[in-house]
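Every chain is numbered from 1 and lettered A, B, ... according to where its sequence line falls, protein lines coming before strand lines.
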Amino acid sequence: MKHLDTIQKEFKQFFAEGVGKSFGGLKAVDNFSMEIDTGEIVGLIGPNGAGKTTVFNLITGMETPDSGKFYFQRDYITGKPPHVISELGIARTFQNIRLLDYLTVIDNIKIAYHKHISYNLAHASLRLPKFFSVEKEITEKSFGFLELFGIEDSAYELASSLPYGKRRKLEMARALATEASLLLLDEPAAGLNPRETAELTELIRKIRDEFHISIFLIEHDMSLVMNLCERVIVLNFGEIIAHGTPLEVQNNPDVIEAYLGTGKKKNVS
Amino acid sequence: MDNFIFFLTSGLCIGAVYALIALGYTLVYGIIKLINFAHGEFYMVGAYAGFGIYLVLPSGTPAIFAIPLIIISSGIAGIIIAVLTEQIAYKPIRKSGRLAALLTAIGVSFLLQNLASFINKANPLQYSSDKVGSIGEICQRSVSIGGGGIKIIQFVYIPVTLALTLILWYIVMKTNFGRAMRAVSQDPDAAALMGINIDSVIRKTFLLGGLMAGIAGALIGFHSVIEPMMGFMPGLKAFIAAVVGGIGSIPGAVLGGLIIGIVENMVLFCNVPSGYKDVAAFVVLILVLLVRPQGILGRNTREKV
């Protein structure tokens, strides 16, 4: 049965089917279904508390769904631990940036290579040539990612000492360095000014084109969502209320209602 | 004044052993925030394993081969018991909170102590020193330094500790595995999302801690009696050493170990009755906690909410 499912879903890179998750009595996500094709940029929007971040937590294995299924590149990934999902090629950033603050910037990137490194403790303690060649290679690759985001000058500073904008960039660089083919960005433009947001929009598009990956992002900044996303999914109270191109979604009455209210209720402001 | 040199040397030697045990406390605490009270028992198991190897060795084995062999076997025994303890006792309750883990650690500690006394009928063991040139005899040889006799074997403690600390420091700071360890200790969730297998990192951390505790057991076993309760006091003092140096810090653990070793012996130097020796470590702990609660080399971290 599982095998049959796998064959059916192999046409899309990522597939969610009827996923649900409750916390106590609260349905955080209900009957969530969607798909992402290779190379697509898809946005996930919705009012605060709509369950957007929970969707990301479910996809990356930080939470286990109560019902439903996820497929990624022909694999059934529901309930797999986070490090396995990361190895399969899904990476994410966090709304409240979670860098490893007491590691240097370059080490934060090198962490992403952990799973690809082929030397072991014996190589390292005996300082065999393999250890040095592998370390040199990942240092070079890591610098490549830092350069892409323009933060190579801070490579040997502690991550905690970076200013906010660079921290956001470092977190994206780290996610990308895992060699993911699906990147989940949780509010990448939060706290950026309009000019920085415009830069970020270009950068995300560039990443997609250069690395041929898909991007699934949560964002409140509508300028970014409308400029960048090819499709937008709107979530409210854990349920998908609209799905379509940015323009379609913008004019959808349900969406306007979710964001602004109906006007029928008494509005205390 | 002659006496001072004797007590200082003696303190450094025993401090080196405390440091080895303290490194294990500090590593495990750094990774899973667990105070592993069974760690002193890993040391006890190491001492017994070393003695077991000594019993099987042919009686004529030269000490130059026998001593390193015993040290290595104890290290391996330490690894086995530490990894087993982690897999059987700690891993299943990892998500149940720190108090549950702490109580389990105390339980494992009692279990191992009683298992050891059940198997050995609580007979204290000692390397036999009746024959000239036997391991026991060599371990009991002493030289006179500053008006007191120090066993020659104790001089091995400092280089062994130094070498292991340097290797450990190198692994943690320079290698891929060390990077993964540091990542897990800072943010396990983020580390997992970068593809790090947290279970494997924790297992290897226990492996390193067990190795060092086992070796410490072999060292002390050489000149002292081996008995089921031997891990209790050194384990406690090494824990104090780790806290004094700053728990989670590798240089801190070594520094703390040496401080506790030296202070303990300085108390004797000041003619305090030797029964009060053990109090010294606790006094140091209280003083350090009052002045610098994060430990001498500890990082000042606020609890995140």
Side-chain angles (χ1 to χ4, degrees), chain A residues 56-57 59-63 80-94 96-104 106-127 131-132 134-135 138 142 159-160 171 174-180 184, chain B residues 27 30-31 75 79 83 91 94-95 163-208 211-212 246 248-250 294 297-302 304-305:
Chain A
F56 273 22
N57 288 347
I59 296 174
T60 50
M62 295 176 74
E63 313 260 8
K80 290 200 172 152
H83 74 269
V84 173
I85 290 175
S86 158
E87 272 169 43
L88 289 170
I90 301 180
R92 74 171 287 184
T93 64
F94 292 89
N96 53 341
I97 313 178
R98 285 169 78 169
L99 293 171
L100 302 162
D101 276 342
Y102 295 104
L103 262 58
T104 59
I106 188 95
D107 274 355
N108 264 279
I109 306 271
K110 284 181 179 178
I111 282 292
Y113 281 106
H114 181 84
K115 60 193 176 192
H116 301 298
I117 285 178
S118 53
Y119 70 75
N120 57 33
L121 273 186
H123 286 121
S125 350
L126 300 173
R127 316 196 62 169
F131 168 66
F132 291 104
V134 173
E135 276 290 313
I138 62 169
S142 303
S160 56
E171 208 193 19
R174 182 179 69 176
L176 204 57
T178 63
E179 300 182 357
L184 310 181
Chain B
L27 281 182
I31 288 285
I79 289 175
V83 172
K91 194 178 168 190
R94 200 177 291 149
K95 294 208 163 66
L164 285 171
T165 309
L166 286 178
I167 292 174
L168 184 70
W169 183 85
Y170 182 75
I171 289 176
V172 171
M173 299 312 289
K174 298 285 174 192
T175 70
N176 178 44
F177 169 66
R179 241 176 348 245
M181 267 175 92
R182 285 180 286 149
V184 171
S185 85
Q186 286 177 35
D187 189 340
D189 289 338
L193 289 167
M194 295 297 114
I196 291 172
N197 183 344
I198 297 181
D199 287 340
S200 145
V201 170
I202 293 174
R203 198 164 53 238
K204 286 177 186 157
T205 305
F206 270 86
L207 182 154
L208 288 172
L211 171 76
M212 283 178 293
S249 152
I250 292 175
Q294 72 269 36
L297 298 179
R299 205 159 37 204
N300 193 2
T301 48
R302 281 155 291 162
K304 271 178 275 181
V305 186

Engineer: Locate the shortest heavy-atom distance separating A/Glu135 from B/Asn176; write the atom from each residue and the value.
Structural biologist: OE2-N, 4.2 Å
Engineer: Between A/Thr178 and chain B, which part of the residue has a heavy atom less than 4.5 Å away: side chain, backbone, both or neither?
Structural biologist: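 When you check distances to chain B, only side chain atoms of A/Thr178 fall under 4.5 Å.
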Engineer: When rounded to the nearest 0.5 angstrom, what is the spacing between CZ in B/Arg179 and CD1 in A/Ile109?
Structural biologist: 11.5 Å
Engineer: Rounded to the nearest 0.5 Å, what separation is found between the CG atom of A/Leu103 and the CG atom of B/Asp187?
Structural biologist: 11.5 Å
Engineer: With rounding to the nearest 0.5 angstrom, report the CZ to CG distance, A/Phe94 to B/Leu193.
Structural biologist: 4.5 Å
Engineer: Which heavy atom of B/Gly195 sits nearest a heavy atom of A/His83, and at what distance?
Structural biologist: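 Of all heavy-atom pairs spanning B/Gly195 and A/His83, the closest is C-CB, 3.7 Å.
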Engineer: Can you check whether B/Arg182 reaches A/Asp107 side chain to side chain, under 4.5 Å on heavy atoms?
Structural biologist: yes
Engineer: Test of understanding: with side chain to side chain contact (heavy atoms under 4.5 Å, CB included), list the residues that count as partners of B/Ala192, not counting sequence neighbours.
Structural biologist: A/Pro82, B/Ile198
Engineer: If I compare all heavy atoms of B/Met194 with all of A/Arg92, which pair ends up nearest, and what's the gap?
Structural biologist: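 It is CE-O, 4.4 Å.
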Engineer: Identify the heavy atoms of B/Gln186 and A/Leu100 that sit nearest to each other, and give their distance.
Structural biologist: OE1-C, 3.0 Å
